[in-house]
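See below for the structure under consideration.
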Amino acid sequence: MTRQTIVLLLSLLVAIDFASSSCDIIALAKCDCRYPRSKRFELGCESLGLTTMPPKVNYTLTDGFAEGNFSLNQIKSIPDFYFYSMRHFDILDFTGNRLREISDLTFRGLETRLSSLNLSDNRINSISPQTFREYIRLKDLDLSRNYLKDPCFLHTADVVQFSLAGNGIQRLKDQCFADSTKVSKLDLSKNKISFIEDEAFAGLESLQHLDLSENDLSDIGSGLNALVEHNDFTYLSLRHNKLEYMSSVCKYRFKRMQYMDFGHNKLADIQKYCFESYSFLDGDASLELNFEHNSITALAASVFAGLKNRVHRLHLNNNQISSVNIRTFAELRKLEYLNLDNNKLDRLDFLQQWDDNALTELLVANNNIERLSKDTFTKMKSMVKLDLDGNRLLAIDSGTFRGMLALRDLSLRDNLLTNMDDEALQGLQGLQRLKISGNALITLKNCTFARLTNLLQFHFDDNLLFCDCDLLWLLQFISAVNSRGMPEEDIKEPVLEDFCYYPVSARGNYMQNEVSEKCTEHPGNACFGLKTTVGERNQDYLANATWNWPMTADKAAAKDIFVSLHNVETGSMDFNESLYGVGNEATLQLNEKEIYKVSCTTSRHRS
């Protein structure tokens, strides 16, 4: 054993012995003592089944701080002057007991030490207004989940964080918090507040954060008047109330507001010009607005007027929005995040009028969108994430995402996709995440995905894949995605693959195994911009399907092309004809009750 090791062990033994001897000078019956750092003691009296405060065994501490955890017991009362001879406690936790009353003498002796007091989850129904008057260092006071019906006029002049959540408060009276001049965070959530008097918040000069969520407010009235001139007031939550109209909120103009939450109310619309007054305010503080889980059906052009350089994040998900004016978001030049999930939108044409935008994330999952035009996203040059999950998209046309050079995350899961054009993902070379799971794709074409050389995540499970040699390229593509590793922490599964669905004989087989075992050479399924047009069906479910190539196709490669048609149920080839030259077409009568896969190749040979 080296000399350094001996010295280290001796130092450790001295430290352990010192901690043990130090705990001897501050001891309560049944409670553990810890001495984690210099001049700091922790008494652990939690979860001991105590019904009364533990008796003092020894207390000769003259210097330092003590933290007492008496939580999760059944203590019904704290004797007056209990802490009078133990004046070093600065943190006390009585969460989850059965305390009913707190008197002026309960914590006597801790007036100049106590900084944090947690009395949550008790049965306290009364506290004298003067109880905490002399506690000049008390910064954090938690009285949540008690039976305090009227907490007004409680002296909390030195408290910074004050929680009254989960009591039975029904009304806030004028001057209720007049003595709370240093409170910066006030939590009044989960009460039964239905009325706020005009001057209820007068005196809250330092207030920054006000939580009124989960109450019974149907109208704010003039209850927030006292906060309008406060420069530090930045957070307001009215979530889970009964608001039906925004008119009572629209009249307020908070100078530095950064977050307003109106989610889970009964709003049917957002009043026109509701935020217009914000255009006259100084400063450039970012604002986040939350209107999720309401009953909003439409968004007028002037709904967000006045917020053009202020709002950065906007939540409108889980409403009933079916109509958005093309100018609704046009002036929101600093908006970076827009959530329209779970609405009733059938088009996104409002994006086409958004000339000057900074949008990086757009969520429009679970709407009724059936088609995306080529101009839908041309102005979304800063967009990084686009979520179109759960819509009714049948196909993705070439050039749909043209101009979206910054896009890194594209999700098209759970749509009705049966086809993705050859150049459906054109211009998305920087894409890192692509999810097309849960569609009705029968095959995946090499030319659609070949340029996605930066892909780190590719999910294509739960489709209707026809496992033939046209998918041989996919095995190499999957291998390339997996080989790039997982530099991003949120990428848990780089590849989610599919099982074979067609032909029936291969259904349920692992796609990689099926293709790799039966195919050694790719048959050359070329991508010439093949277009399919299906006419109306007759009474026997027969319809004419026509295939052709646009004049922009590669003529050099399309001198002699063969179109093959497979019945995917059986895997049999039903059609194999030659097309000479670009612009020619082939027509065949199909039964709409059956599913077919069309392929084109420069050779009749099919593996």
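Below, all heavy atoms of this structure are taken into account, side chains as well, without hydrogens, waters or symmetry copies. Counting begins at 1 with the first residue of the sequence.
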message = side-chain contact (heavy atoms from CB on, under 4.5 Å), that's the test. Do N317 and L363 meet it? Break it down for me.
response = CA-CA 9 Å; N317 51 293; L363 309 179; over 6 Å; no
note = Here the disulfide (SG to SG under 2.5 Å) pairs for residues 119-233, sequence neighbours left out, are C152-C176
request  = Indicate the atoms forming the closest heavy-atom contact of L28 with K56, along with that distance.
outcome  = CD2-CA, 3.7 Å
request  = Over all heavy atoms of both residues, which pair between N146 and I124 is shortest? Give the atoms and the distance, please.
outcome  = OD1-N, 3.0 Å
message = Just to verify, what does K182 make a side-chain contact (heavy atoms from CB on, under 4.5 Å) with, not counting sequence neighbours?
response = D158
query = Has R239 got its NZ or CZ under 6.0 Å from the middle of the six-membered ring of F262, at an angle within 45 degrees of the ring axis?
reply = no
query = Which distance, rounded to the nearest 0.5 Å, do you find between the CD1 of I102 and the CG of N122?
reply = 7.5 Å
ask   = Would you say the side chain of D261 lies within less than 4.5 Å of the side chain of L236, judging by non-hydrogen atoms?
value = no
query = Quick one: does N225's side chain have a donor or acceptor within less than 3.5 Å of a partner on G223's backbone?
reply = no
message = What verdict does the side-chain contact (heavy atoms from CB on, under 4.5 Å) test give for R137 and L114, after you've listed the backbone C-alpha separation in whole Å, the side-chain angles of each residue and the deciding distance to 0.1 Å?
response = CA-CA 6 Å; R137 295 184 184 277; L114 191 59; over 6 Å; no
key: Within 6.0 angstrom of K190 NZ, more than 12 heavy atoms from elsewhere   = no
key: Between F350 and F329, ring centroids under 6.0 Å   = yes
task = Using distance alone, with no hydrogens and no angle criterion, decide if S206 and S184 have a side-chain donor and acceptor under 3.5 Å apart.
result = no
remark   = Tightest non-hydrogen contact, residues P151 and I169, listed as CG-CD1, 3.5 Å
ask   = Do N241 side-chain atoms and L243 backbone N/O form a donor-acceptor pair below 3.5 Å?
value = no
task = Consider only side-chain N and O atoms of D80 and Y82, and report whether a donor and an acceptor are under 3.5 Å apart.
result = no
ask   = Any side-chain donor paired with an acceptor under 3.5 Å for N342 and N366?
value = yes
message = Run the side-chain contact (heavy atoms from CB on, under 4.5 Å) test on T360 and M383 for me, step by step, so that the C-alpha distance in whole Å, both residues' side-chain angles and the decisive distance to 0.1 Å come before the verdict.
response = CA-CA 4 Å; T360 59; M383 191 171 292; 5.9 Å; no
message = What's the separation between atom CG in D409 and atom NZ in K385, rounded to the nearest 0.5 Å?
response = 5.5 Å
request  = Taking all non-hydrogen atoms of both residues into account, name the closest pair between C33 and F41 and its distance.
outcome  = SG-CD2, 4.3 Å
ask   = So do L227 and F254 actually touch side chain to side chain, heavy atoms under 4.5 Å?
value = yes
ask   = Between N167 and S144, does any side-chain donor sit less than 3.5 Å from a side-chain acceptor?
value = no
Exam field: side chain N73 to backbone I75, donor-acceptor pair closer than 3.5 Å = no
request  = Check whether any side-chain heavy atom of F377 lies under 4.5 Å from a side-chain heavy atom of L351, and answer yes or no.
outcome  = yes
request  = Could you please spell out the steps behind the side-chain contact (heavy atoms from CB on, under 4.5 Å) verdict for L314 and F291?
outcome  = CA-CA 8 Å; L314 182 56; F291 292 97; 4.3 Å; yes
task = Answer yes when R327 and E331 have at least one side-chain N-carboxylate O distance shorter than 4.0 Å, and no when they do not.
result = yes
message = Under the rule for ring pair (Phe, Tyr, Trp, His ring centres under 6.0 Å), what residues qualify as partners of H230, not counting sequence neighbours?
response = none
task = State the CG-CG distance between L186 and L188, to the nearest 0.5 angstrom.
result = 4.0 Å
ask   = Distance-only, no hydrogens or angles: does the N290 side chain make a donor-acceptor pair with backbone N or O of S237 under 3.5 Å?
value = no
query = Any donor-acceptor pair under 3.5 Å linking the side chain of Y252 with the backbone of L224?
reply = yes
message = With a 3.5 Å distance limit and no angle check, can you tell me whether D216 reaches the backbone of S194 through a side-chain donor-acceptor pair?
response = no
request  = Verify, without hydrogens or angle tests, whether H293 (side chain) and K266 (backbone) share a donor-acceptor contact under 3.5 angstrom.
outcome  = no
message = Could you check whether R313 makes a cation-pi contact with Y337, meaning its NZ or CZ is under 6.0 Å from the centre of the six-membered ring and within 45° of the ring axis?
response = yes
query = Does NZ belonging to K139 count more than 12 external heavy atoms closer than 6.0 Å?
reply = yes
inquiry  = For L287 versus Y259, what's the shortest heavy-atom pair and its separation?
reply    = CD1-N, 3.9 Å
Inter- and intrachain pairs under disulfide (SG to SG under 2.5 Å), touching residues 292-347, at least two apart = none
ask   = Would you find more than 12 non-hydrogen atoms of other residues, nucleotides or ligands less than 6.0 Å from K251 atom NZ?
value = yes
request  = Determine yes or no for a side-chain-to-main-chain donor-acceptor pair under 3.5 angstrom, with N118 supplying the side chain and F94 the backbone.
outcome  = no
message = Tell me whether E197 contacts the main-chain N or O of D174 through its side chain, where contact means a donor paired with an acceptor under 3.5 Å.
response = yes
message = Tell me whether D269 contacts the main-chain N or O of T297 through its side chain, where contact means a donor paired with an acceptor under 3.5 Å.
response = no
message = For a 4.5 angstrom cut-off between non-hydrogen side-chain atoms, does D140 reach V160?
response = no
message = Measuring only between side-chain heavy atoms, which start at C-beta, is L316 closer than 4.5 Å to L338?
response = yes
inquiry  = With no hydrogens and no angle check, just 3.5 Å: does a side-chain donor-acceptor pair link S120 and T95?
reply    = yes
task = Indicate the ring-plane relationship of F107 and F132, choosing parallel, tilted or perpendicular according to the 30° and 60° boundaries.
result = parallel
ask   = At what distance, to the nearest 0.5 angstrom, does CG of L148 lie from CZ of R123?
value = 14.5 Å
request  = Enumerate the residue pairs fulfilling salt bridge (charged side-chain N to carboxylate O under 4.0 Å, His left out) with a member in residues 83-102, sequence neighbours excluded, ordered by first and then second residue.
outcome  = R40-D90
query = Are any of the side-chain heavy atoms of T328 and F304 separated by less than 4.5 Å?
reply = yes
request  = Please examine the side chains of L92 and L110, heavy atoms only from C-beta on, and report whether any two atoms are closer than 4.5 Å.
outcome  = yes
inquiry  = Strictly below 4.0 Å, N to O, side chains only: are R171 and D150 in salt-bridge contact?
reply    = no
key: Residues N339 and H315: side-chain donor-acceptor under 3.5 angstrom   = no
ask   = Roughly how far, to the nearest 0.5 Å, is OG of S180 from CG of L141?
value = 9.5 Å
Matching residue for L340 among L345, L348, N319, D387 - test: side chain to side chain contact (heavy atoms under 4.5 Å, CB included) = L345
remark   = Sorted by chain and number, sequence neighbours left out, ring pair (Phe, Tyr, Trp, His ring centres under 6.0 Å) with F153 holds for none
ask   = Are Q161 and V183 close enough that some pair of their side-chain heavy atoms sits under 4.5 Å apart?
value = no
ask   = Are any of the side-chain nitrogens in D232 or R256 under 4.0 Å away from the carboxylate oxygens of its partner?
value = no
query = Shortest non-hydrogen contact from K255 to N231?
reply = CD-OD1, 3.2 Å
remark   = d(H155 NE2, R133 CZ) to nearest 0.5 Å is 4.5 Å
